Enquirer: 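The following block contains the structure, expressed as structure tokens.
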Amino acid sequence: MRHVSGVLVGLVMAAVLLFGAGWAVQEAGVSLAPLPVPAENGSRVWIALGVMAAIGLLVGLVVAGRVSPLATFVPSMVLLAWTVVYALDVRRAMGLVPDEPTFHPLLLQAGRGMGLLLTTGVYALLGVLLFLPVLMPSRWAPRFRDEEEYEESGEQDYR
């Protein structure tokens, strides 16, 4: 059951990293220009920075917490696979970014931010970061052993 919930957490993490971070980066006014132009409305920048901080906190909790390693494996594979596609075929990778005017405006804004995060290598960095907990064997083992299992193994409890 722990790994099923880990897959669900991983899917939510992938969506948050793709759409939430993409929206926040675009909303903060970050561009490929050497010096980003400051936004006219300061409160929008603060909201975007707060969203980025919340995403960072969520990533930290999932990486350092005792959740299933699948919670980090799913988003890492999404981010790393998209980065590999970008390295092999830029046009195909950028074709996955929502850019049609039929999409919701917030989704279009998030798509522009996703393209920026992909082209600058931030998604590759996050993908590697999220893949590291998968390599730790202790993350795959259950946290506690059942008492019945403990008694069946023939070991005595000397407390």
Side-chain angles (χ1 to χ4, degrees), residues 1-140:
M1 187 66 186
R2 183 171 80 101
H3 295 304
V4 173
S5 63
V7 169
L8 295 175
V9 169
L11 291 172
V12 169
M13 278 296 302
V16 164
L17 286 172
L18 290 173
F19 296 106
W23 174 85
V25 164
Q26 192 64 30
E27 186 70 22
V30 177
S31 66
L32 291 176
L35 294 172
V37 179
E40 295 84 22
N41 191 353
S43 65
R44 294 176 74 181
V45 173
W46 284 108
I47 291 171
L49 291 175
V51 168
M52 287 183 210
I55 290 171
L57 178 66
L58 186 62
V59 168
L61 288 174
V62 170
V63 167
R66 284 290 301 173
V67 211
S68 168
L70 292 175
T72 60
F73 182 71
V74 171
S76 73
M77 285 299 105
V78 169
L79 297 174
L80 290 175
W82 199 12
T83 303
V84 167
V85 170
Y86 177 75
L88 297 176
D89 188 3
V90 175
R91 183 170 294 174
R92 180 170 295 181
M94 294 309 285
L96 297 173
V97 174
D99 59 355
E100 296 292 322
T102 58
F103 287 113
H104 192 275
L106 289 177
L107 186 59
L108 289 174
Q109 186 177 6
R112 287 189 295 272
M114 286 189 296
L116 178 68
L117 291 173
L118 177 67
T119 57
T120 56
V122 174
Y123 280 159
L125 176 96
L126 284 172
V128 171
L129 170 77
L130 290 169
F131 187 73
L132 289 178
V134 175
L135 301 176
M136 296 180 203
S138 63
R139 295 288 297 260
W140 291 97

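Scope of the values below: all heavy atoms of this structure, side chains included, with no hydrogens, waters or symmetry mates. In this text the structure is predicted, and so the values were computed from the model without any measurement.
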Enquirer: Which heavy atom of Tyr123 sits nearest to which heavy atom of Gly22, and what is that distance?
Expert: OH-N, 4.3 Å
Enquirer: I need the minimum non-hydrogen distance between Leu17 and Pro75, along with the two atoms involved.
Expert: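 Heavy-atom minimum between the residues: CD1-CB, 4.3 Å.
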Enquirer: So Val25 and Met52, do their side chains get closer than 4.5 Å, heavy atoms only?
Expert: yes
Enquirer: Ignoring hydrogens, what is the shortest heavy-atom contact between Ser68 and Gly6? Give both atom names and the distance.
Expert: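 It is CB-CA, 3.8 Å.
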Enquirer: Between CG of Leu107 and CE of Met114, what distance do you get to the nearest 0.5 Å?
Expert: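 Going from the CG atom of Leu107 to the CE atom of Met114 covers 6.5 Å.
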Enquirer: Let me confirm one number: the CD-CG distance from Gln26 to Leu117, rounded to the nearest 0.5 Å.
Expert: 9.5 Å
Enquirer: When you compare the side chain of Leu79 with that of Leu18, does any pair of heavy atoms fall below 4.5 Å?
Expert: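 Result yes, sub-4.5 Å side-chain heavy-atom pair found.
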Enquirer: Rounded at 0.5 Å granularity, tell me how far CE in Met13 sits from CG in Leu70.
Expert: 14.0 Å
Enquirer: On a heavy-atom basis, which atom in Ala14 and which in Val78 lie closest, and how many Å separate them?
Expert: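 Shortest heavy-atom separation between Ala14 and Val78 comes out as CB-CG2, 4.4 Å.
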Enquirer: Could you tell me which non-hydrogen atom of Val45 sits nearest to which non-hydrogen atom of Ala28, and how far apart they are?
Expert: CG2-O, 4.3 Å
Enquirer: Dump the intermediate steps for side-chain contact (heavy atoms from CB on, under 4.5 Å) on Trp82 and Val97, then the final yes or no.
Expert: CA-CA 11 Å; Trp82 199 12; Val97 174; 3.6 Å; yes
Enquirer: Could you check if a side-chain atom of Met94 sits within less than 4.5 angstrom of a side-chain atom of Leu118, using non-hydrogen atoms only?
Expert: yes
Enquirer: Atom CD1 in Ile55, atom CH2 in Trp23: separation rounded to 0.5 Å?
Expert: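 Result: 9.0 Å between the selected atoms.
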Enquirer: I'd like to check Pro98 versus His104 (side-chain heavy atoms, cut-off strictly below 4.5 Å). Are they in contact?
Expert: no
Enquirer: Which heavy atom of Thr72 sits nearest a heavy atom of Pro69, and at what distance?
Expert: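 Where Thr72 meets Pro69 most closely, the heavy atoms are OG1-O, 3.0 Å.
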